[in-house]
Amino acid sequence: MPVFKAPFNGYSVKFSPFYESRLAVATAQNFGILGNGRIHVLELAPGAPGVTESVAYDTADAVYDVCWSESHDSVLIAAIGDGSVKIYDTALPPPSNPIRSFQEHAREVQSLDYNPTRRDSFLTSSWDDTVKLWAMDRPASVRTFKEHVYCVYQAVWNPKHGDVFASASGDCTVRIWDVREPGSTMIIPGHEYEILSCDWNKYDDCILATSSVDKTVKVWDVRSYRVPLAVLNGHGYAVRKVKFSPHRRSLIASCSYDMTVCLWDYMVEDALVGRYDHHTEFAVGIDMSVLVEGLMASTGWDELVYVWQQGMDPRAS
Amino acid sequence: MEKAVERQKILLRHLNPISSNSSSLLSPVNCASEVSPMAAFGDDIVIVAAYRTAICKARRGGFKDTLPDDLLASVLKAVVERTSLDPSEVGDIVVGTVIAPGSQRAMECRVAAYFAGFPDTVPVRTVNRQCSSGLQAVADVAASIRAGYYDIGIGAGVESMSTDHIPGGGFHASNPRAQDFPKARDCLLPMGITSENVAERFGVTREEQDMAAVESHKRAAAAIASGKLKDEIIPVATKIVDPETKAEKAIVVSVDDGVRPNSNMADLAKLKTVFKQNGSTTAGNASQISDGAGAVLLMKRILAMKKGLPILGVFRSFAVTGVDPSVMGIGPAVAIPAATKIAGLNVSDIDLFEINEAFASQYVYCCKKLELDMEKVNVNGGAIAIGHPLGATGARCVATLLHEMKRRGKDCRFGVISMCIGTGMGAAAVFERGDSVDNLSNARVANGDGH
């Protein structure tokens, strides 16, 4: 299985929505605590080592997340620890990059999500307690959503409703927002501890998964959000990211500080369907390819990026 | 830097969280780096080995016929052999030694280095700050490494009070002018008189002193019985001459022979006061006259890691302060706060103390003045039971302190060694336990495939 060794600690990995063999990786020096960052664009190729770097961009501060544009196949956006949001175009030569840099967030930008339905805008969430909405062609953010009282670790668009998104925060709540509304439309006090990640079900627009410092992943139906549909136990430490599969409606992938990547089927009694322990440090980034069914990628503080097919051993060569 | 600290805090909260309803079973614990300003840096001066000989009664004990250079050679050899260090890598050997004539003893130390297998290229010197000489030697080596004079040094101490006697039990008055200066006159006071001065001025009773003596013997005896001192004592093969028959016998000395396990208040009460009539200082509650040696191997942390040497301790600070010579025994009460302050700590942050029991009077006074928890002071006995080979004491305390801190585990993080100094001074040094700062212990060599 392809393995890429980055010079810095991995933070996030995202498959390109246009090319099945392309992915972007966000990395940060010194575990993202102090130092520079680097964005890698990788290409999967047949034969060993299975993955090569096609271009890399250096940044002055840690890169905590990266996402691909849904409108331009060569454009990717990076969330930087110094509060800036930078846009890169891989079709342009490296000296021309980044093509744009937005400096608005007061603190570290933790996550990015590109609107998959409208394709013209993206969200950023930051440790400054806000979520911001941006359009590619606007010089400043379109809107700032400020309700959370602690770091917003993730903001994710609903895959069906282009104006709806969810945000997960360290204030232990998930908020559902509609950009047409002035404030949040729903507050889910999902966990007793910080909520580090959330993701929408790609087949059922009312189902949402959250992952928390309390080591669980919970699945919610926003129509009856008092009680979760499922509570998935199994991780040994805080669960850093959660992602719903683009191919199977009840399949969830999660990665945790316990260094494992787990696969869950929340509709089944014994929900844990897979556990991968290939990382030797905190596993902090996962993604599941939209274009290739079953293809997954993960990255962690051990500076490695693994790409593998579900059911296979990520370390198999 | 602020940002880095904030980021660390946020990450740490993921692992050690506070619940949103604060009635949580989990509670955050300050990690050590938040509480204390200590951090581990590659250029910290660390101790990788500290050993001592047994301490024996002068003129009657195991080392009475052992020459000082043989005594010193045994510990110099040990620190190098046990760390598999190439002796030629040592940049300097500094030896604390007090009574012997300066140049003669310095020559003997050079000879000792040769006996221990050091080549021509390794220099040797001595240092004399009376009773603190052994500790001063260690401090000098630490300072020299920090100043970049050399990378590896040995701070040692040796005293053979069987060979060299303190003339008439005190200093001799060499300059009549000293009589015109009260403080200069006080420098000539026999140490025992300064002990009586401390007892009288600060109200330390005969009983308190005898109790301290009993405790010292009790703890030392327990330490010997438990076998734990084997970690720090180097057995020395030497000879002993029967005073009557003059027959020589080969022996191996590895136990402190001054310790009296059956020491008790009743027996001590019978002893006559030696220095002042109706005083309180007796032979039973004063340090013993002894023979012994100790050596400490120091280098920078990064060099120790490169050599794969375990880090026994970290040298954090050193302070010497001057005090009134007539009550020289109060030295530690002033030097200990000075040394802890330099280290950025409070006396209450110190987990273990080795305070030289020159006299029970000054030892009791210092502990009371600093409000020390006696469970943390001289836990394996002190100079009253073990003995006080003047120049060696400081170095042997390093061995005793660091090995005990190692045994006690992570909770025993900081230790202090201190002693009073004849003519009115006090010295103290702060050490940190070795592996509580060695946070690279989980570093591993990465093999090619990244696992």
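Residue numbers begin at 1 in each chain, while the letters A, B, ... track the order of the sequences.
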Give a yes or no on whether [X] atom [atom1] has more than 12 heavy-atom contacts from other residues, nucleotides or ligands under 6.0 Å away.
X        : atom1 : result
B:Lys341 : NZ    : no
B:Lys406 : NZ    : no
B:Leu15  : CG    : yes
A:Tyr237 : OH    : no

Check the pair B:Leu11 / A:Phe282 against side chain to side chain contact (heavy atoms under 4.5 Å, CB included), numbers first and verdict last.
CA-CA 11 Å; B:Leu11 285 165; A:Phe282 298 156; over 6 Å; no

Just to verify, what does A:His279 make a ring pair (Phe, Tyr, Trp, His ring centres under 6.0 Å) with, not counting sequence neighbours?
A:Tyr306

Select one option (side chain, backbone, both, neither) describing which atoms of [X] are under 4.5 Å from chain B's heavy atoms.
X        : result
A:Asp82  : both
A:Tyr64  : side chain
A:Glu108 : side chain

To the nearest 0.5 Å, what is the distance between CZ (A:Phe31) and CD (B:Gln8)?
10.5 Å

Taken to the nearest 0.5 Å, the spacing of B:Ile10 CD1 from A:Arg107 CZ works out to 4.5 Å

Would you confirm whether B:Arg7, through its side chain, and A:Gly81, through its main-chain N or O, come within 3.5 Å as a donor-acceptor pair?
yes

